[in-house]
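Heads up: the structure comes next, in structure tokens.
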Amino acid sequence: DYRLPFMKDIKLTANAGFDFATSDGHNNAPLNAAFTYNTSGSGQLIDYTGENKSRLLDLYASYSKTIGKHAIDATAGYSYQRFDRDGSNFDRNGSQTVFNDYQLDGDGNEVPRQYIPNPNVLLSFFGRINYSWNGRYLLTLSARDDASSRFAEQNRWVVFPAAGFAWRVSEEAFMQNVQGLTDLKLRVSYGVTGQQDVSGNNPYPYLSTYQLSSATSQYEFGGAFYNTFRPQPYDADLRWETTAQSNIGVDFGILNGKLTGTVDVYKRETTDLINRVPVAAGSNFSNYLITNVGSLVNQGIEITLNATPFERDDFEWNVGANFTLNDNEVTKLLNTNDPSYIGILTGGIGLQRNIQNIQVGYPINSFFVYQQVYEDGRPIEGLYADLSGNGGDVTASELNKYRYHSPLPDYTIGINSKVNYKKFDFYFSGRLSVGNYVYNNVLTGANYSNFYYSTGYFNNLPSAVANTNFHNLQSFSDYYVENASFFKMDNISLGYNFDEVFTNKLKGRVSLTVQNAFFISDYSGIDPEVGSGIDNNIYPRSRVFMLGLNLTY
């Protein structure tokens, strides 16, 4: 930080950072591992590396001035960020006689295949001004001019504005005699933000590029096999995904500050959604394309409450809770109204199967499955209800009959509490999610056809196969769409404060904290919190126990 000597109200600030991380790993299996057996070799040796770098430079100036009842706080700046990702992969059998994923060096030897580097850069010019009059009327104006290397030059730079106004009603003269009221503020705001993250293997989906084929996709010519270059799918007009949000809120404090809270009603509309979606065969160089596909609306209410129910000289108890109710709806997918359009099939689960659907008028990624028929509480293999009434053919007008729940929760609740008693303190925080559903893709493997592979070895089956006795894969059954509502205790902490440690100048605190303490759910998988709504056997979240000691001199 630096203040200009001739203008004490202006401060110049510079932040710079550099992160570097490297990793390497192995995924090896012995020669007698059954799942690696094939006619060309056995065993498995996979070596992989990764290298990530990020650079950051922020330069900004701030100005602050109070003149009578007027207060101004302004900031303007520039930001530069660069991200680099690199690495390699080397896949061969245990005897190193068969290579599956590699590249050749100048002498023709198999060496690790280097990933295609995919750096990206973000540039931003930004500014913000805060103005207040007598602490009662507050106005905020801001804007960002952002650029991303993910997009073509004509779509690279976009300005994102925002504005907000607040009225502190409790400071008005007519509110001074209201007993017990400590704070009352009304707020209204509107702002636009952008999103430039893209998914898939192509980091520059607006460019026409070629990719070297793998060793298993070579072309035979003259008795020898050669790697080929194949064109990648691209959308030259790919652009920023933008989200415009309007908000009306109120902050309050009553009972002399023992109860405070906020209530916000919001509407958030996202346009030019960036997604990897299926496209018609022959229209691009792949059946899937990263492109801007439509618009989405989220609207709802958020309530936050904090209270101090009990307070004495040596004892204080604080509790807090928040409640969120959100309605999600896809509002546009096509430029024209096509009543026969059944939307975008997504939620891939392998074998070219998709069990989610994006359609106008419904929550995004709603499950698209068949209604399982049961007998004596047990699902009947291959038997589903004909909801369309025409032999199972599904038209756009009948699509909603096969829509079965959403991975998004109906509402969420967060709770926290802290107790201070003399030198002890105890804290916990947790979350409740209600109405979210998960497709258990782990259980789909619980069928007897997976017991014996055509390659000639046996396979372990989940014990849940006894619940269905399915012989063949039944991917589209709603049997696998489970209610994944949950309560999670995220943190529990107990601490003790020392006034004196060896000397009266040294103070300390010892604490014991548990993160991800426990959760309660009827979901049959290992964790009900699955972001995509499809459980492909996610890596378990760790439970962490921490013993801490803080000393202050």
Side-chain angles (χ1 to χ4, degrees), residues 342-343 345-357 359 362-363 365-395 397-411 432-454 457-488 518-530 532-538 540:
I342 65 170
L345 294 177
T346 184
I349 55 173
L351 301 175
Q352 296 183 344
R353 289 179 168 90
N354 297 279
I355 49 83
Q356 289 177 318
N357 176 264
Q359 177 65 295
Y362 298 95
N365 295 332
S366 297
F367 293 108
F368 181 56
V369 290
Y370 298 143
Q371 181 177 318
Q372 179 70 56
V373 175
Y374 294 80
E375 182 179 32
D376 297 329
R378 185 182 293 271
I380 302 175
E381 181 169 356
L383 187 59
Y384 305 103
D386 182 9
L387 302 180
S388 63
N390 56 11
D393 293 333
V394 183
T395 64
S397 61
E398 297 165 339
L399 187 66
N400 62 320
K401 298 178 182 178
Y402 292 87
R403 198 177 311 279
Y404 186 67
H405 297 301
S406 165
L408 303 175
D410 295 330
Y411 59 88
L432 176 67
S433 177
V434 178
N436 53 298
Y437 281 74
V438 168
Y439 180 88
N440 194 333
N441 200 27
V442 179
L443 285 188
T444 58
N447 58 83
Y448 290 110
S449 62
N450 279 340
F451 185 57
Y452 183 78
Y453 281 172
S454 59
Y457 63 90
F458 292 102
N459 184 35
N460 292 327
L461 292 180
S463 59
V465 69
N467 298 331
T468 62
N469 285 329
F470 285 164
H471 182 270
N472 295 311
L473 184 65
Q474 305 293 316
S475 300
F476 294 104
S477 172
D478 65 7
Y479 175 83
Y480 299 111
V481 180
E482 301 184 35
N483 189 328
S485 301
F486 65 85
F487 172 77
K488 282 195 171 185
F518 65 86
F519 71 85
I520 301 171
S521 177
D522 289 334
Y523 179 61
S524 62
I526 61 175
D527 195 327
E529 195 171 11
V530 180
S532 65
I534 300 177
D535 186 353
N536 292 307
N537 197 17
I538 64 174

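Heavy atoms only: backbone and side chains are in, while hydrogens, waters and symmetry mates are out.
At a threshold of 4.5 Å between non-hydrogen side-chain atoms, the residues Tyr479 and Thr468 count as touching. Taking 4.5 Å as the limit, some side-chain heavy atom of Pro407 sits within range of a side-chain heavy atom of Phe367. Side-chain atoms of Ser524 and Leu443, non-hydrogen and from C-beta on, do get closer than 4.5 Å to each other.
Across every non-hydrogen atom of Ser521 and Ser485, the tightest pair is OG-O, 2.9 Å. Between Pro528 and Phe486, the closest heavy-atom pair is CG-CB, 3.6 Å. Across every non-hydrogen atom of Gln372 and Ile380, the tightest pair is NE2-O, 2.7 Å. Summarising the geometry of Ala484 relative to Tyr523, their closest heavy-atom pair is CA-CB, 4.1 Å, with the distance given to 0.1 Å.
Applying the side chain to side chain contact (heavy atoms under 4.5 Å, CB included) test to Pro409 and every residue at least two apart in sequence or in another chain returns Thr412, Ser433, Asn436. Listed by chain and number, the residues in a ring-ring contact (aromatic ring centres under 6.0 Å, His included) with Tyr437 are His405 (sequence neighbours excluded). Residues forming a side chain to side chain contact (heavy atoms under 4.5 Å, CB included) with Val530 (at least two apart in sequence, or on another chain): Val438, Ser532, Asp535, Ile538. Not counting sequence neighbours, the partners of Phe476 by the side chain to side chain contact (heavy atoms under 4.5 Å, CB included) test are Arg353, Ile355, Tyr370. Annotation: ring-ring contact (aromatic ring centres under 6.0 Å, His included) contacts of Phe487 (sequence neighbours excluded): none. By the salt bridge (charged side-chain N to carboxylate O under 4.0 Å, His left out) test, Glu529 is found to be paired with Arg431, Lys488, residues two or more places apart in sequence or in another chain being considered.
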Practice prompt. In sequence, state the C-alpha distance, the side-chain angles, and the governing distance for Tyr384 and Gln371, and then conclude on side chain to side chain contact (heavy atoms under 4.5 Å, CB included).
Written response: CA-CA 5 Å; Tyr384 305 103; Gln371 181 177 318; 5.8 Å; no
Item to complete: Test Ser366 against Asn357 for side chain to side chain contact (heavy atoms under 4.5 Å, CB included), laying out the working first.
Response: CA-CA 5 Å; Ser366 297; Asn357 176 264; 5.6 Å; no
Discussion item. As a quick check of understanding, evaluate side chain to side chain contact (heavy atoms under 4.5 Å, CB included) for Thr444 and Tyr439, giving each step before the final call.
Written reply: CA-CA 9 Å; Thr444 58; Tyr439 180 88; 3.2 Å; yes
Item to complete: Report the C-alpha distance between Ser475 and Ile349 in whole Å, list the side-chain angles of each, state the deciding distance to 0.1 Å, and finish with yes or no for side chain to side chain contact (heavy atoms under 4.5 Å, CB included).
Response: CA-CA 8 Å; Ser475 300; Ile349 55 173; 3.7 Å; yes
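Atom CG of Asn440 is separated from atom CG of Asn536 by 9.5 Å, given to the nearest 0.5 angstrom. Taking CD of Glu381 as the start and OH of Tyr448 as the end, the distance is 10.5 Å to the nearest 0.5 Å. Within the model, atoms CG of Asp522 and CD of Glu482 stand 9.5 Å from one another, a figure rounded to the nearest 0.5 Å. Distance check: Phe368 CZ to Leu345 CG gives 6.5 Å after rounding to the nearest 0.5 Å.
Using a distance-only test at 3.5 Å, with no hydrogens or angles considered, a donor-acceptor pair links the side chain of Ser449 to the main chain of His471.
Using a 3.5 Å distance cut-off with no hydrogens or angles, the side chains of Thr346 and Gln356 do not pair a donor with an acceptor.
Remark: Tyr411 OH is loosely packed, at most 12 non-hydrogen atoms of other residues, nucleotides or ligands lying under 6.0 Å away.
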